[in-house]
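Just so you know, these numbers use all the heavy atoms, side chains as well, and skip hydrogens, waters and symmetry mates. Just so you know, ligand 1 is whichever comes first in the structure, and atom 1 is the first atom listed for that ligand.
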Amino acid sequence: MDNPQDYSDTLEFESMDLEKYSRELEIAVKAVHMACLLCQRVQQSLLAKNNGHVQSKDDDSPVTVADWSVQAIVSWVLSEAFGSKNVSIVAEEDVQVLSKSDSIHLLDAVTKTVNTCLAEAPCFGLRAPTVPLSTSEVLEAISRCNSTGGSHGRFWVLDPVDGTLGFVRGDQYAIALALIEGGEPVLGVLGCPNYPMNKEWLSYHNGYRRIISRLTSETSESWDKGCVIYARKGSGSAWMQPLLSKEKKFVWPNSARHIKVSTIDDPALATFCEPVEKANSSHSFTAGLAHSVGLRNQPLRVYSMVKYAAIARGDAEIFMKFARAGYKEKIWDHAAGVVIIQEAGGVVTDAGGHPLCFSKGMYLEGLDRGIIVCSGARLHEKIINAVDASWNSSSL
Ligand SMILES: Nc1ncnc2c1ncn2[C@@H]1O[C@H](COP(=O)(O)OS(=O)(=O)O)[C@@H](OP(=O)(O)O)[C@H]1O
Ligand SMILES: [Mg+2]
Ligand SMILES: [Mg+2]
Ligand SMILES: [Mg+2]
């Protein structure tokens, strides 16, 4: 790679009007780009060597070198940019597993991954550490993300790898970073390393199973895949940039382009997306809703908040998630997606039509039955009415 400094000067954020949060948005987008490249490398190595860097947490959900490494680099970049005293972060991961005496190999792998990534910071117009981080500095960067959130002040919300299951399966996943102020998400940044830039790859005529396989098959290497989507609350616009890549010699993509939700509001033409794992969302309930609303297309089942990206880009019109009773949705699984959808022209509510609540800690407190994301009010109203009509007969 040539002198990375050459590229950082060309760094530009079209339409980054000099308004509130522009510096925070710029730093967040750069950090997510860095995290995307880190994840692509780790995913390739994971799939190639199956190097056992996948651990299980107490709740039996997976966590990998990528989850911890992304949390460390985002924490470091934000603290470097704004001062650690001014940065408060709510994030999914902690150092419980990494700190164990028998995890030293994992901690070494995370530290190596973090330092490789941070060394490239100048490609993104950011400062690199003067010396590589030590393992204890990496642990500190991860554990520093221990804010409890709330309704006052500002804090960042990070899901370092959303859809870790998809990540370890070589499928879709996302890096989700949001800024919340006064209890409301004000910035949303979603890195989607495996999601193709070119909408044509999501052509609807082939049926959705093929689309999923095309999204994740080895031919995907030939796609121009990977993007970072971002939006600022109240700006009225959502943006998408292609991912930086070594092939493109890290030339910064000043081709950020507008994205908008789909204009389709006829259920017969609309597509809905939902989680892959039926343990995470009731496929039978959504199938019933689809039937009663008149949705004809097969569901697009995709891991992670890439589902929010699909709606924001106009590749699908509805995202529905109905977790089993008792499951509490985390703010890091939705904050970034909500801002992006709203600014791309879509609607996000719970099944009662209420906005999601990000002001009461790490959970979406008071969520009514499920989450409904639509490209427009007409489809949204139909889905809400269908949920009301069928909820009592559901076993949820
Ligand atoms: N039981 C259950 N019910 C509902 N949601 C759950 C459940 N378990 C996990 N999660 C959270 O869902 C995140 C994955 O969401 P996805 O939409 O990717 O689900 S799926 O993997 O496509 O089925 C996943 O996010 P990550 O842990 O960041 O991958 C979890 O936070
Ligand atoms: Mg997880
Ligand atoms: Mg998640
Ligand atoms: Mg996660």
TODO: Take Val347 and Ile341 through the test side chain to side chain contact (heavy atoms under 4.5 Å, CB included) and record every step on the way to the result.
DONE: CA-CA 7 Å; Val347 183; Ile341 289 289; 6.0 Å; no
TODO: Decide yes or no on side chain to side chain contact (heavy atoms under 4.5 Å, CB included) for Val77 and Lys30, but give the supporting numbers first.
DONE: CA-CA 9 Å; Val77 165; Lys30 290 176 186 176; over 6 Å; no
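With hydrogens and angles left out, the side-chain atoms of Ser304 and Gln172 include no donor and acceptor closer than 3.5 Å.
Screening residues 338-347 for side chain to side chain donor-acceptor pair (under 3.5 Å) gives no qualifying pairs among residues at least two apart or on separate chains.
Think of Ile384 as one node in a network of Ile, Leu, Val, Met, Phe, Trp and Tyr side chains linked at under 4.5 Å; its network also takes in Phe272, Phe285, Leu289, Val293, Leu295, Ile318, Met320, Phe322, Ile372, Leu379, Ile383, Val387, Trp391, Leu396.
Partners of Glu137 under the salt bridge (charged side-chain N to carboxylate O under 4.0 Å, His left out) rule, at least two apart in sequence or in another chain, do not exist in this structure.
Of all protein N/O/S atoms, those lying under 2.8 Å from the Mg ion (ligand 4) come to 3.
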